[in-house]
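Reading through the structure tokens given below for one structure.
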Amino acid sequence: MNVKITTIPGDGIGPEIVREAVKVLNKVGEVFGHEFTFEEVLMGGCSIDAYGVPLTDETIEKCKAAQAVLMGSIGGKVGQSKWYELPPEKRPEAGLLKLRKSLGLFCNLRPAHLYPELKKACPLRESIAEQGFDVMMVRELTGGLYFGARKTEIVDGEEVAIDTLEYHDYEIRRIAKKAFEIAMKRGRKLTSVDKANVLDSSRLWRKIFAEVSADYPEVQLENALVDSTAMQLVRNPGQFDVVATENMFGDILSDEMAEIAGSLGMLPSASLREDSFGLYEPSGGSAPDIAGMNIANPLATILSAAMLLRYSLNLTDEADAIENAVSSALAQGFRTGDIMDEDENGLTRLHTDEMGDKIAELIRK
Ligand code: IPM
Ligand code: MG
């Protein structure tokens, strides 16, 4: 197979972690007989520096022309980086949101899986970590508060800021269908998360999930409130299979899920639309504090590359090969600093590029 992939290394640790994922994909190509062609484009702060805007039309076109997009991370430190002196619509994050919207990527998958080897990195009670968990979050990505009308104005001499949480029937219906489809392929349990005791948008969300559930009688649908879900995730994450929620709740809960899975550096993500096209990125940020130090964890990006193979190219064996290589590396005691045990007993600390080498070396047909 010949595959065209557009890469967006971005800012901070982005270039370092994308480099390792490209390394691993090239090794997969060698072992399985595929050719991956990569074209790099700018987005985020680096694009502001080069072109004055976080996202150019050319970058959007180059993403559209590829079969999939592999991204690192964007942005800097709010309050410290000069990018944040710009108005909000010109900042790095605005580029990412516009890209998601322009590419129609409404469905964001964030799998949080506790590797048995990382039980010690899990902050939960030992008995809970011992049981393990494997949760697939389905986050709506192109609606809600992120994309509703917003303004800041002066009313009666006082500053007022307004963000709008808006959801249309079709937006909820299409993400609900995706969530049920995914639940059918997994444990057939779907938890829809909302705030239906307060918000109208959540009441519509709940109603449409109930309607869509009629087409999936095998899937057990449960409704849960977002605050209670945040609590249940730390109390007993093993109770969840697929969790579907709106954009903002998904942003918050997915960071929580990453932490209980050991580290944000372990959590990959896929942003999809109806066809096979997708954008793949680690769920974590650009970690400006450690940028350029070669100590970031590249595994979330490498696992995002595995999702790219699985969801955009239907290359299941190849995706398994990456995920197995990650498991083997962890089982053999290789760690980046973020997932190191305190005592470091029997473990080997690797730099970013060494972890990439290790995973590439462990790719097997
Ligand atoms: C994420 C990030 C983004 C989001 C930011 C960088 C705009 O936190 O992908 O979770 O809020 O969606
Ligand atoms: Mg986030």
Side-chain angles (χ1 to χ4, degrees), residues 8-14 17-18 42-48 53-55 59 63 69-81 83-84 86-112 135-148 150 163-165 167 171 175 193 226 229-230 233 243-261 263-273 278-289 291 296-297 300-301 303-304 307-308:
I8 303 179
D11 309 316
I13 58 170
I17 54 183
V18 168
L42 297 183
M43 205 262 287
C46 54
S47 173
I48 298 177
V53 288
L55 176 67
T59 288
C63 290
V69 179
L70 179 66
M71 200 187 119
S73 46
I74 52 114
K77 261 216 152 102
V78 182
Q80 276 181 30
S81 156
W83 301 324
Y84 297 93
L86 295 165
E89 67 282 5
K90 295 202 168 139
R91 293 179 191 171
E93 287 76 7
L96 177 58
L97 299 188
K98 184 174 169 195
L99 187 66
R100 287 173 178 168
K101 194 77 169 179
S102 310
L103 299 175
L105 304 170
F106 67 88
C107 176
N108 184 222
L109 305 185
R110 296 189 166 183
V135 186
M136 174 65 88
M137 164 155 300
V138 181
R139 170 187 176 194
E140 200 292 323
L141 200 62
T142 52
L145 271 176
Y146 277 63
F147 293 95
R150 73 174 112 249
D163 296 289
T164 320
L165 206 182
Y167 268 111
E171 293 177 301
I175 194 78
V193 175
V226 63
T229 304
L233 270 173
V243 171
T245 192
E246 66 94 43
N247 205 346
M248 177 68 117
F249 298 158
D251 181 42
I252 298 167
L253 292 180
S254 62
D255 271 27
E256 182 185 353
M257 287 192 338
E259 187 55 28
I260 61 175
S263 166
L264 204 46
M266 292 300 300
L267 193 71
S269 88
S271 304
L272 307 170
R273 57 189 194 201
L279 179 146
Y280 301 83
E281 55 171 322
S283 301
S286 63
D289 291 348
N297 185 348
T301 320
L303 290 166
S304 300
M307 293 186 87
L308 184 158

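We count ligands from 1, going down the list as the structure has it; atoms in each ligand are counted the same way.
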### Task
List the steps and the verdict of side chain to side chain contact (heavy atoms under 4.5 Å, CB included) for M43 and I74.
CA-CA 7 Å; M43 205 262 287; I74 52 114; 4.2 Å; yes
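- Excluding water, every protein N/O/S atom under 2.8 Å from the Mg ion (ligand 2) is given here by residue and atom: D251 OD1.
- The structure places CG of L272 at 5.0 Å from CG of L109, a figure rounded to the nearest 0.5 Å.
- Using a 4.5 Å cut-off on side-chain heavy atoms (C-beta onward), L103 and C63 make contact.
- In this structure, L96 and E281 have side chains that are in contact, with non-hydrogen atoms separated by less than 4.5 Å.
- The shortest heavy-atom contact between K90 and P54 is O-CD, 3.5 Å.
- Protein residues are said to neighbour a ligand when one of their heavy atoms lies under 4.0 Å from it; for ligand 1 these are E93, R100, R110, R139, Y146, D251.
- If you take CD1 on I260 and CG on D255, they are separated by 11.5 Å, rounding to the nearest 0.5 Å.
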Determine all donor-acceptor pairs shorter than 3.5 Å in which one atom belongs to a side chain in residues 243-253; sequence neighbours excluded.
| residue | atom | partner | partner atom | Å |
| --- | --- | --- | --- | --- |
| T245 | OG1 | V193 | O | 3.0 |
| E246 | OE2 | M248 | N | 3.1 |
| E246 | OE2 | F249 | N | 2.8 |
| N247 | OD1 | R139 | NE | 3.0 |
| N247 | OD1 | R139 | NH2 | 2.8 |
| N247 | ND2 | L141 | O | 3.3 |
| N247 | ND2 | G143 | O | 3.1 |
| D251 | OD2 | Y146 | OH | 3.0 |

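- Rounding to the nearest 0.5 Å places CG of L145 at 8.0 Å from OG1 of T164.
- Listed by chain and residue number, nothing satisfies the ring-ring contact (aromatic ring centres under 6.0 Å, His included) test with Y280 (two or more places apart in sequence, or in another chain).
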